[in-house]
Each structure stands twice: as structure tokens, then as C-alpha cells.
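Order of the sequence lines sets the chain letters (A, B, ...), proteins ahead of strands, with each chain counted from 1.
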There are 2 protein chains.
Amino acid sequence: MKLTRQGHAFTEIVLETFKFSGLLTTEGDRITQIYGLSSARWKIIGALERSDTALTVPQIARVMGQSRQAVQRLVDSMHKEGLLVFIDNPKHKRAKLISLAIDGKKVYTTLQQQQVPWANKHSSEIDEKELEITLATLKKLSEKFAL
Amino acid sequence: MKLTRQGHAFTEIVLETFKFSGLLTTEGDRITQIYGLSSARWKIIGALERSDTALTVPQIARVMGQSRQAVQRLVDSMHKEGLLVFIDNPKHKRAKLISLAIDGKKVYTTLQQQQVPWANKHSSEIDEKELEITLATLKKLSEKFAL
DNA sequence: AAATATATGACAAGGTGTTGTCAAATGTTT
DNA sequence: AAACATTTGACAACACCTTGTCATATATTT
């Protein structure tokens, strides 16, 4: 069987996604380093901040496309550090709801102040329409493998 | 400072890239499992196959957007398993050139036979033009953080 | 209501990744 | 040529992630 034109583009996108993800992780580790954070922890904070309600660990995992165990480990560690708070979940005795603690919000705000100019800078030369198409396409593709 | 429209789209792309990368890694692990491989090892093989010449470890790392140490560990392990061969590099005494061994090529071919229909299937419903734009945009963005 | 299936937290093992350090090889400057 | 800087392999420490397993909580079926 041969690759269709779309199949070829898709394959290239997959490889470029791996590369970009790796580069972004390194960049995120660099940015968050002085606050004692990391890319992985920043993503947890971001997922919580972007949600209008508090989330359980498995919910965060689904949003991030990762295993619940990986998220659980980070959440427990960040809770111990005082970045997160556990809220009793009326719908489940064990599955607590996770929310940002005061410290977590502070760190998020500080990082946000760096993230905004960073995002603006790296996207300024690229056509907005193309960015929108890229985002929509990535979302479509992600859906096909959603957990 | 506020996010520009492009900055906002860029931010969403970053998050979706992390998610997609995680989902793809899980999928790749699943596909390669029965051949004793993994996503990480498949990517090494793919990088070598896509290059017209044999590559050194740091070269593979740059193509993949990862640290040379991570690649070195995988390459050494795969060499021990007989998937890769080391070729003397006339330009450098220590930095061997890496190439696929017979076994490595065999595995690659087998996996390729699965990857092609897989790529065709997951990309068939998406407009080719949009896929091309997505690929080009991801490449542009990756370049900004290249090692 | 009881039985069964699914979801969740806790824990562990192993693969993957970054960072740091050191010595050797290579490249550059003077 | 010598001094200095960069690149590379080797090794180690640690962070991150997936998978597997078990007990408990919740949801579904009968």
C-alpha cells in the first residue's frame, strides 16, 4: 500500500509534532526553572486555570492526553508543596477535586506575565489564519486518539 | 500585556501539541509493542531511514529535537540488540556513524506496512491543503526553538 | 437488592527525557 | 604551534510517563 497525499502530510505532521513537543518542553523547563517548576507542572496549573470548575485527577489527565497515574504523581507532589488544594468531591469519596492554592495562583500569574509576550513574539510573523487552521487540524487529529 | 490573536492561537497550539504528542506516543507504543520496540525506538529508526546518509548521534538528536544523551542511550541499547550498526566516521574518531542493521531494516519495513494504512486512515477525512498548512506552520514554529 | 462492571487512588517497575560533569576529539584563535 | 573553545561519548542523578496490579468507590445490570 502507498501513502496517499494526505497520509504523507499526516506522517510528516506526526514527526514534527514529536519534535516541536520536545523543543517546547525544554523551553518550558527553562522558563519555569527559577520558580521551582517545570513544563509538566506548569501544564497541570494551566489545565486547572483554563477550566471553569475544579477537576479530578482523571479529568486533568484526559485534558492533557496523559495517563491518570502520571498526573496523580505530579498533583500529589504539587499538593505537598502547597501549590494545589484538595476539595471534597460530593460525588465521589476518594476522587478529590483539585484547585489552585494561593501560591499556585501566584505562580500562574507570574508565569502568565512571561508567557504572553513569549507567545506574541513567536507567533507575530505567522499568518493568523494559518495558525487557526493548524490549531483546528491538531484538534481534529487528537480526537482520533483520545483516551 | 495582552495576548494578540496570533498569540492566543499559538498558545492553544502549544497545548494541543503536548496533548497530541502524548496520544501519539501511546499509540506508537501500542503499534510497536509486539516487535519489542517502542515509540522512541521507532522514531530513531525512522530518522535514520529518512536520511540519505548515516547520521551521528548528535545529528539524530537535532532532527528529533531531543538531547544527544537521550538519543545516545537509545542508540546504544538498539545497537546491543542488533538493530543498528556503527560505522567508522572518517571525520571523527569517536563519533561513529549510525546505520540500520539488517534486523533494523526488517523491523522498519514491517512497521512501515502498518504505518501507511494507519496514516492514510487517520488523515483521509481532512483536507489536504489544511494538512499542508499545519505541517508548514509546525515547521516554522519548531525552527524558532531549534537546538 | 445483589451481582457485575467501571472508575479511582496507591504503589511499583521500567522506559524515556533533561541536566550536569568529565575526558577525549575536533575546531578556532592568536 | 600553542592556547582556547566547542563537540562528542560515557556516566550518573533525577524528573516524567506508561503499564500493571490491587483495594475501594461508584455505576450498571439483572
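Judged by closest nucleotide on DNA chain C, T25(A) is the one of T25(A) and R68(B) placed further toward the 5' end.
Using modelled atom types, one finds a donor on one side chain and an acceptor on the other under 3.5 Å when comparing S77(B) with R41(B). No side-chain donor-acceptor contact under 3.5 Å links D29(B) and S38(B). At a cut-off of 3.5 Å, with distance as the only test, no side-chain donor of Q6(B) or S124(A) sits close to an acceptor on the other residue.
Through direct or indirect side-chain contacts shorter than 4.5 Å among Ile, Leu, Val, Met, Phe, Trp and Tyr, M1(B) is connected to V116(A), L3(B). Alongside I133(B), the hydrophobic cluster contains I133(A) (criterion: ILVMFWY side chains under 4.5 Å).
When rounded to the nearest whole Å, the span between CD1 of I60(A) and C1' of dG9(C) equals 14 Å. What separates CZ of F18(A) from P of dC17(D) is a distance of 14 Å, to the nearest Å.
Using five terminal pairs a side, the axes of the helix from dA1(C)-dT30(D) to dT30(C)-dA1(D) at its two ends make an angle of 50°, given in steps of 10 degrees.
Of the residues in residues 69-95 of chain A, those placing a heavy atom less than 4.0 Å from an atom of DNA chain D are Q69(A), A70(A), R73(A), L74(A), K91(A), H92(A), K93(A), R94(A), in numerical order. Residues from residues 28-46 of chain B that place a heavy atom under 4.0 Å from any atom of DNA chain D: there are none.
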Exercise for review: Check the pair S123(A) / R5(B) against side chain to side chain donor-acceptor pair (under 3.5 Å), numbers first and verdict last.
Suggested key: CA-CA 9 Å; S123(A) 61; R5(B) 284 186 164 191; over 6 Å; no

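Under the side-chain contact (heavy atoms from CB on, under 4.5 Å) test applied with I45(B), the options T32(B), L74(B), L37(B), L111(B) reduce to a single match, L37(B).
Every pair tested for ring-ring contact (aromatic ring centres under 6.0 Å, His included) that includes a residue from residues 25-58 of chain B fails, sequence neighbours excluded, so the list is empty.
The local environment of NZ in K140(B) is crowded, with over 12 non-hydrogen atoms from other residues, nucleotides or ligands closer than 6.0 Å. Around NZ of K144(A), the count of heavy atoms belonging to other residues, nucleotides or ligands within 6.0 Å exceeds 12.
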